[in-house]
Participant: 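Have a look at this one.
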Amino acid sequence: MDRRTPRLLNGVLALCCLALVFAAVYPFSTASPHLENPVDERFTVPESDEYRATGAIVADGETALEFEGAVTTDGGRYQLIDEGDVRTEQYQTSPDSPVYSRIIVEEDGNIDRLRDQIQSDTDRKLLRENRTGGTVTFIVRGESRDMTDAVSGTASVVVRSLYATGYEREADDSQGATVYKPKNGWYEGTEPYRVTGATGEVRTAPDTTAVRSATVTWEQTVPAGTYAESALVRLTSDAPRTYDLSFEFESGQATVNRPAWVNAVRNRSVAGQS
């Protein structure tokens, strides 16, 4: 008999015993009712005619989404979205001008599909394709459409991700901003989950839920409807996952400079080469 077999059996028995202990000490219910972030406390992206915003979502040390966006009153719009294996940069001179995009993709099986999507879209034209250093870069010109909604929409992805945990409202700070602190607890989602180790803060504009800045970290265990389930999930998986969210919104005068790659394709277009 393999010497490892008794050890494996002992490990399984230990897990079973531990589950029974937790079931006895902590019944199959949570210490408090599952929580939901009240609708009237859910955060939003501020409204402004001119602003710059940045944000990031990091899961277990890996960036899932990082963005930078800017909108100016004189028409310039800019957005950069980094999703790890895909990096998309967009620029628009004014709301009624074409949208130029630079899409940098890791060279894998998705390249052909992305190219087909671009070429089959009647609202976009593929201007250039380059392959360098294991990546493929597409330069695309799109039809005129105001990028403002796209920039605010990306900002909303980060802000809405803050909903995963509830918050306690703190006293307003010296600048009049309202401060919220994330709180641990049991929450309802597609599956019940538990939030632990919640730290950081969210600052909103006075008397609103419009987020001016946020730096929040928490650990999330899924599924976790009870203490026993939470303990077993942690023992038998890589849970909990650690999430780090950050967001900054600066309203007021913003500057959007035309990227060099846009100048290059515009010059080629004027010369009749694109």
Side-chain angles (χ1 to χ4, degrees), residues 32-59 63-82 90 92 94-95 146-189 193-220 242-257:
S32 59
H34 285 159
L35 304 173
E36 292 185 7
N37 202 9
V39 174
D40 60 353
E41 290 185 6
R42 288 190 170 179
F43 302 121
T44 60
V45 177
E47 295 183 3
S48 178
D49 293 332
E50 188 167 34
Y51 64 89
R52 179 174 295 277
T54 59
I57 302 172
V58 179
T63 300
L65 173 68
E66 186 172 5
F67 90 97
E68 175 186 351
V71 174
T72 67
T73 54
D74 61 4
R77 283 101 168 88
Y78 174 83
Q79 178 168 246
L80 174 64
I81 302 174
D82 189 344
Q90 294 181 298
Q92 182 179 38
S94 62
D146 191 348
M147 277 182 56
T148 301
D149 289 344
V151 177
S152 63
T154 305
S156 293
V157 172
V158 178
V159 170
R160 289 178 180 176
S161 296
L162 294 168
Y163 295 176
T165 182
Y167 294 83
E168 294 284 356
R169 179 172 177 170
E170 304 286 321
D172 294 355
D173 66 10
S174 58
Q175 285 75 43
T178 301
V179 180
Y180 293 84
K181 299 286 187 179
K183 59 184 180 182
N184 299 322
W186 307 83
Y187 294 89
E188 291 289 355
Y193 60 93
R194 185 183 182 189
V195 169
T196 54
T199 61
E201 62 182 24
V202 177
R203 293 176 178 270
T204 67
D207 302 318
T208 75
T209 54
V211 179
R212 292 292 182 179
S213 67
T215 304
V216 180
T217 299
W218 70 82
E219 294 181 343
Q220 187 169 325
T242 300
Y243 291 91
D244 296 281
L245 273 68
S246 61
F247 182 77
E248 292 286 340
F249 187 96
E250 299 178 6
S251 59
Q253 186 174 3
T255 302
V256 174
N257 298 317

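Bear in mind the structure is a predicted one, so any value in this text is a computation, not a measurement. Reckoned from all heavy atoms, side chains included, excluding hydrogens, waters and symmetry mates.
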Participant: Counting N and O atoms only, with roles assigned by atom type, does the side chain of Tyr167 sit under 3.5 Å from a partner on the main chain of Val202, one being a donor and the other an acceptor?
Facilitator: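 Checked: no pair found.
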Participant: With side chains defined as the heavy atoms from C-beta onward, is the minimum distance between Val71 and Met147 less than 4.5 Å?
Facilitator: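 Result no, sub-4.5 Å side-chain heavy-atom pair not found.
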Participant: Which heavy atom in Ala164 sits nearest to a heavy atom in Val195, and how many Å separate them?
Facilitator: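 In this case the closest contact between Ala164 and Val195 is O-CG2, 4.2 Å.
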Participant: Near Glu47 CD, under 6.0 Å, is it more than 12 heavy atoms from other residues, nucleotides or ligands?
Facilitator: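 No, not enclosed.
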Participant: Which atoms form the tightest heavy-atom contact between Ser251 and Arg212, and what is the distance?
Facilitator: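 Heavy-atom minimum between the residues: OG-NH1, 3.2 Å.
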Participant: Out of curiosity, Thr242 OG1 to Gln220 CD, how far, rounded to the nearest 0.5 Å?
Facilitator: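 Those atoms lie 10.0 Å apart.
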Participant: Mind checking whether Phe249 and Val159 have side chains closer than 4.5 Å, heavy atoms only?
Facilitator: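 Phe249 does not reach Val159 side chain to side chain.
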Participant: So, are Glu68 and Arg52 salt-bridged, with charged N and O less than 4.0 Å apart?
Facilitator: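 Judged by the 4.0 Å cut-off on N to carboxylate O distance, Glu68 and Arg52 do form a salt bridge.
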Participant: Considering all heavy atoms of both residues, which atom of Arg169 and which atom of Thr178 are nearest to each other, and what is their separation?
Facilitator: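 So the two residues come closest at NE-CG2, 3.3 Å.
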Participant: Quick check: does any side chain N or O of Ser48 sit under 3.5 Å from a backbone N or O of Glu50, one acting as donor and the other as acceptor?
Facilitator: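 Yes.
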Participant: Tyr180 side chain to Thr204 main-chain N or O, any donor-acceptor pair under 3.5 Å?
Facilitator: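 No, the answer is negative, given that no donor and acceptor are paired below the 3.5 Å cut-off.
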Participant: Are Lys181 and Glu170 ion-paired here, with the side-chain N under 4.0 Å from a carboxylate O?
Facilitator: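 Salt bridge between Lys181 and Glu170, a charged N being under 4.0 Å from a carboxylate O: no.
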Participant: Can you tell me how far CG of Leu80 sits from OG1 of Thr54, rounded to the nearest 0.5 angstrom?
Facilitator: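 Here the interatomic distance stands at 11.0 Å.
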Participant: Is a side-chain donor or acceptor of Thr165 paired with a backbone partner of Lys183 at a separation under 3.5 angstrom?
Facilitator: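 Checking the backbone N and O of Lys183 against the side chain of Thr165, a donor-acceptor pair under 3.5 Å is found.
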Participant: Nearest 0.5 angstrom please: Arg77 CZ to Thr148 OG1, how far?
Facilitator: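 Reported value, rounded in 0.5 Å steps: 3.5 Å.
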Participant: Can you name the nearest heavy-atom pair linking Asp244 to Thr217, along with the distance?
Facilitator: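 Smallest interatomic distance, heavy atoms only, reads OD1-OG1, 2.6 Å.
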Participant: Distance check, rounded to the nearest 0.5 Å: Thr255 atom OG1 versus Tyr78 atom OH?
Facilitator: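 Rounded to the nearest 0.5 Å, the OG1-OH separation comes out at 13.5 Å.
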Participant: Could you give the distance from CD (Glu219) to OH (Tyr243), rounded to the nearest 0.5 Å?
Facilitator: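 Answer for the CD-OH pair, Glu219 versus Tyr243, is 11.5 Å.
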Participant: Hey, does the side chain of Tyr163 reach the backbone of Phe43 with a donor-acceptor pair shorter than 3.5 angstrom?
Facilitator: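 Indeed, once roles are kept as given, a pair shorter than 3.5 Å links the two residues.
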Participant: Say you draw a straight line from CH2 of Trp218 to OG1 of Thr199; how long is it, rounded to the nearest 0.5 Å?
Facilitator: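 If I round to the nearest 0.5 Å, the distance is 10.5 Å.
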Participant: Quick one: does any side-chain atom of Tyr187 pair with a main-chain N or O of Gly166 as donor and acceptor, under 3.5 Å?
Facilitator: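 Flag set: sc Tyr187 to bb Gly166 pair under 3.5 Å.
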Participant: Please indicate whether Asp74 has more than 12 foreign heavy atoms, meaning atoms of other residues, nucleotides or ligands, lying under 6.0 Å from its CG.
Facilitator: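 Yes.
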Participant: I need the minimum non-hydrogen distance between Val256 and Ala70, along with the two atoms involved.
Facilitator: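 Closest approach of Val256 to Ala70: CG2-CB, 3.8 Å.
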Participant: Would you indicate whether the side-chain heavy atoms of Asp82 and Thr63 approach each other to under 4.5 Å?
Facilitator: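 Not touching, per the 4.5 Å side-chain cut-off.
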Participant: Which atom names give the shortest non-hydrogen contact between Ile57 and Val157, and what distance separates them?
Facilitator: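 Taking every non-hydrogen atom into account, CD1-O, 4.3 Å.
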Participant: Are any of the side-chain heavy atoms of Phe247 and Ser161 separated by less than 4.5 Å?
Facilitator: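 They are not in contact (no side-chain heavy atoms under 4.5 Å apart), so the answer is no.
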